[in-house]
Structure formats: C-alpha cells, structure tokens
Trainee: 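Sharing a structure below in structure tokens format, with a few things to ask.
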Amino acid sequence: MDSGEESFIRLCPEDGPQDHGPESAEQLRREVERCKIFAIKEENNRLKQEKQVLKNKLEELKKRVFWNDPVMMQPALPEKKMIFKGLTVNKDNMNNLMLTPQIHYPLPGGSALITFEEAKVAQRIIEMREHTVELSCGELEELDQYRVRVQAVPMDILLPSALEFRLTQRSRSILVSDLPSLDISKEALLDKLELFFSKKKNGGSEVESRDFLEDSDQVVLTFREDGVAEPLIERGHIQMPIGKGKYNIKISPCTSGNISNLQLQPSRCPRTVLLLGIPDVLSEESMQDALEIHFQKASRGGGEVDALAYVPAGRTGVAVFLEDSG
C-alpha cells in the first residue's frame with residue numbers, strides 16, 4: 001500500500017448491511033451510553049480503592065518512621081525549659097554525638113600522678129625516666145636526709161573513638177511528664193496515675209508496673225496488654241483529675257538505649273606523668289610535699305606543678321580524668 005493512498009476498512013455483518021430503523025439506532029445509542037457510564041463508574045471505584053490502599057500504606061509508613069526514627073519522635077518527647085549556652089555548628093554536623101569522656105583509672109599503691117602546667121616539662125620528666133628524690137624530714141630516725149628512686153612513665157588511657165547506640169521503643173510503656181507539683185507523696189501520685197490509666201474509659205488498661213524517674217520527675221507506666229500505649233502516645237496530652245483540680249499531663253514514647261558498638265583508642269595525657277616505685281617511708285602528706293618540691297625544681301628537669309596525687313603502698317586509688325580545657 002502506497003503511503004499516499006487512503007485506506008478505508010468497513011466492518012459489516014457477514015450477511016450484509018441491515019437497516020434497524022430509528023428506534024433500533026436510538027436503543028443502541030442508549031446502550032452505548034450506559035456502557036460508558038458503567039465503565040466510568042467502575043474506573044472511579046477502582047481509583048478510589050487504589051487511593052485508599054496508598055493512603056493506608058502512607059499512614060503505616062509514617063507510624064514506622066515515627067517509632068523507629070528518634071528525630072521523628074522529638075516532638076512527642078517531654079517538654080523541657082532550655083536556655084542556649086553553647087556554640088553553633090554546621091548543619092552537616094547536626095547528627096553528630098559530642099562525647100565528654102570521664103575516665104576512671106585505678107592507681108596502685110606506691111604511685112603518684114603529677115600534672116605539670118606545661119606539656120614540655122612532662123615530656124622531659126618522662127625522657128629522664130629515673131629520678132632520685134631527696135627526702136629531708138624529721139620523721140626519718142636514722143638519717144636526716146634520705147633518697148628514694150622513682151620511675152616516671154607516660155600516662156596512657158583508653159578513650160572512645162567511635163560509639164554506636166541503639167534506641168528501642170518499649171511498645172507497652174508510656175512516659176508521663178508535666179506532672180503537677182502537689183503536696184502529696186510520690187507513692188500517692190503513682191497510685192493515682194495507676195488508677196487513672198488502668199481504666200478503659202481513659203484509654204488505658206491494667207498497669208503492670210510504674211517507675212518514678214527520680215532525675216526528671218517523670219513516670220514510666222507499663223501495661224500488661226499490647227496496643228494500649230500507642231493510642232495514648234498519639235493523643236499526646238490527657239486531662240487527669242487529681243484531688244479538686246484537673247491537670248493536662250503529657251504522654252510520650254518510652255525508649256531505652258544500649259551501646260551496640262564501642263571502639264577505644266589509646267591516648268596519652270600530654271601534661272601528666274605516672275610515678276611508680278615510691279617506697280612507704282613517709283606519711284602521705286609529707287611524701288606528697290616532697291614529690292611536689294622535687295619536681296618543681298627546674299634544675300632537676302621539673303617545672304610548675306598543676307596537681308599531684310599520691311597513693312601510699314598497700315593502698316589503691318582511682319584517678320578521674322576529664323577533658324583538658326587548658
């Protein structure tokens with residue numbers, strides 16, 4: 001067939017064209033219209049069903065994100081009055097966790113920790129390694145002057161270099177906050193909360209346990225049944241009668257966290273030196289004074305001492321290391 005020619009195709013019954021008359025044509029037209037209307041209605045119903053399915057999926061996705069993402073949960077957390085006293089950071093660092101380590105380090109007997117004002121002094125003391133400390137004190141009966149040898153070693157501690165923790169939503173628990181300050185005991189307040197939230201008309205159920213969080217004046221309620229906590233959390237607030245008043249208390253998700261991964265790396269304290277092998281020949285105060293006097297003298301490689309802690313032989317101590325702000 002040439003592209004320039006027009007082609008006509010006629011569809012006819014096998015036994016040839018028939019004349020149905022005006023009434024048959026009108027009936028056929030109406031039938032076609034009914035079919036079109038029926039098809040449109042069917043399509044509308046199908047689209048409505050698809051819309052409802054997508055809406056349900058969206059709601060389910062929102063709930064899943066809400067329960068699993070701590071950031072999404074923030075609006076439901078208990079309200080706290082805050083004041084800004086920190087520094088601003090870049091937007092890219094908003095999800096970073098800032099750690100301020102507090103290291104507890106055991107100290108054996110016959111040792112001392114000495115922190116100098118300058119790191120170069122500590123480094124010099126460590127490089128000299130062995131130090132002879134002169135003791136001149138009336139406590140020594142045999143000699144007016146006595147010498148002891150001590151070993152100076154660097155102070156190495158383990159600091160966290162990477163930390164991962166996992167938040168778990170407690171599905172049957174709620175966190176109750178914004179509790180009123182009333183002239184009743186905490187136990188009495190817990191009884192009132194348990195009684196209120198155990199009633200189905202208040203959206204609750206039988207309470208399995210109640211715990212008062214002493215550090216935040218908030219209460220964790222745990223129900224025996226599943227499916228009770230979530231509707232209460234979605235409400236956010238609820239009015240609770242206590243005595244002659246009604247109070248608007250806040251209901252939040254209750255989460256617990258645990259460390260899932262912790263990586264440590266050795267870190268050297270630049271201004272601190274560990275002294276070992278100190279004999280028990282003086283009282284604690286006298287030995288501490290003698291060590292500080294010795295290591296302050298520049299002629300012996302020392303310098304200004306910022307802090308010194310001595311643990312006599314036969315005893316143990318614990319040193320607490322904080323972030324150096326100097």
Side-chain angles (χ1 to χ4, degrees), residues 48-84 94-97 163-261:
K48 287 180 180 179
Q49 291 177 358
E50 288 185 1
K51 180 181 178 181
Q52 187 61 41
V53 170
L54 292 174
K55 186 177 180 181
N56 293 340
K57 288 183 178 180
L58 180 60
E59 291 298 323
E60 184 65 27
L61 181 60
K62 285 182 178 179
K63 288 182 179 180
R64 193 178 304 127
V65 172
F66 175 80
W67 292 109
N68 295 334
D69 189 351
V71 176
M72 295 295 292
M73 290 170 55
Q74 285 181 1
L77 295 178
E79 294 176 359
K80 290 279 187 181
K81 292 183 179 180
M82 308 292 287
I83 182 170
F84 176 73
M94 286 179 62
N95 293 325
N96 290 348
L97 177 65
L163 173 65
E164 294 179 7
F165 63 94
R166 189 182 305 277
L167 288 179
T168 303
Q169 174 69 34
R170 296 168 60 176
S171 61
R172 292 190 290 116
S173 300
I174 61 173
L175 185 66
V176 182
S177 58
D178 287 355
L179 297 171
S181 299
L182 302 175
D183 191 19
I184 59 175
S185 66
K186 291 181 178 179
E187 194 65 27
L189 180 59
L190 287 175
D191 291 339
K192 293 182 181 296
L193 287 170
E194 180 177 354
L195 180 62
F196 178 81
F197 282 100
S198 64
K199 296 179 180 180
K200 291 189 179 296
K201 68 176 183 179
N202 297 327
S205 181
E206 184 180 357
V207 176
E208 184 179 72
S209 64
R210 75 263 179 100
D211 298 296
F212 207 103
L213 304 181
E214 299 289 344
D215 60 341
S216 60
D217 291 331
Q218 299 165 2
V219 174
V220 175
L221 295 178
T222 301
F223 300 99
R224 289 192 179 275
E225 300 177 3
D226 294 327
V228 180
E230 185 175 342
L232 288 171
I233 294 170
E234 289 179 352
R235 291 173 66 173
H237 290 82
I238 191 169
Q239 273 205 340
M240 175 181 169
I242 303 178
K244 296 182 180 180
K246 286 188 176 182
Y247 302 92
N248 195 35
I249 62 176
K250 187 173 179 62
I251 305 174
S252 308
C254 182
T255 60
S256 58
N258 64 290
I259 295 176
S260 58
N261 182 27

Trainee: Could you tell me whether the side chain of D178 reaches within less than 4.5 Å of the side chain of Y247, counting heavy atoms only?
Mentor: no
Trainee: From K55 NZ over to K48 NZ, what is the distance, rounded to the nearest 0.5 angstrom?
Mentor: 13.0 Å
Trainee: Do you know the tightest heavy-atom contact between G203 and V228?
Mentor: O-CG1, 3.6 Å
Trainee: If I compare all heavy atoms of I174 with all of I251, which pair ends up nearest, and what's the gap?
Mentor: CB-CG2, 3.9 Å
Trainee: Do V176 and M240 have side chains that approach each other closer than 4.5 Å (heavy atoms only, starting at C-beta)?
Mentor: no
Trainee: Compare every heavy atom of S173 with every heavy atom of T222, then report the nearest pair and how far apart it is.
Mentor: OG1-OG, 2.7 Å
Trainee: Walk me through whether L195 and K192 qualify under side chain to side chain contact (heavy atoms under 4.5 Å, CB included).
Mentor: CA-CA 5 Å; L195 180 62; K192 293 182 181 296; 5.7 Å; no
Trainee: Any idea which heavy atoms bring F197 and F223 closest together, and the distance?
Mentor: O-CE2, 3.4 Å
Trainee: Backbone N or O of S260 within a donor-acceptor pair of the R166 side chain at under 3.5 Å?
Mentor: no
Trainee: I'd like to check E206 versus S198 (side-chain heavy atoms, cut-off strictly below 4.5 Å). Are they in contact?
Mentor: no
Trainee: Taking the side chain as every heavy atom from C-beta outward, state whether E230 and E234 have any pair of such atoms under 4.5 Å apart.
Mentor: yes
Trainee: Sort out for me which residue in L179, L189, I249 forms a side chain to side chain contact (heavy atoms under 4.5 Å, CB included) with V219.
Mentor: L179
Trainee: Is the count of non-hydrogen atoms from other residues, nucleotides or ligands lying under 6.0 Å from K186 atom NZ greater than 12?
Mentor: yes
Trainee: Check whether any side-chain N or O of R172 sits under 3.5 Å from a backbone N or O of D226 as a donor-acceptor pair, and report yes or no.
Mentor: no
Trainee: Rounded to the nearest 0.5 Å, what separation is found between the OG atom of S185 and the CG atom of D191?
Mentor: 7.5 Å
Trainee: If you take all heavy atoms of C254 and V220, which pair is closest and at what distance?
Mentor: SG-CG1, 3.7 Å
Trainee: Do the side chains of V53 and E50 get nearer than 4.5 Å, heavy atoms only?
Mentor: no
Trainee: Quick one: which of I242, N202, V207 gives a side chain to side chain contact (heavy atoms under 4.5 Å, CB included) with F196?
Mentor: N202
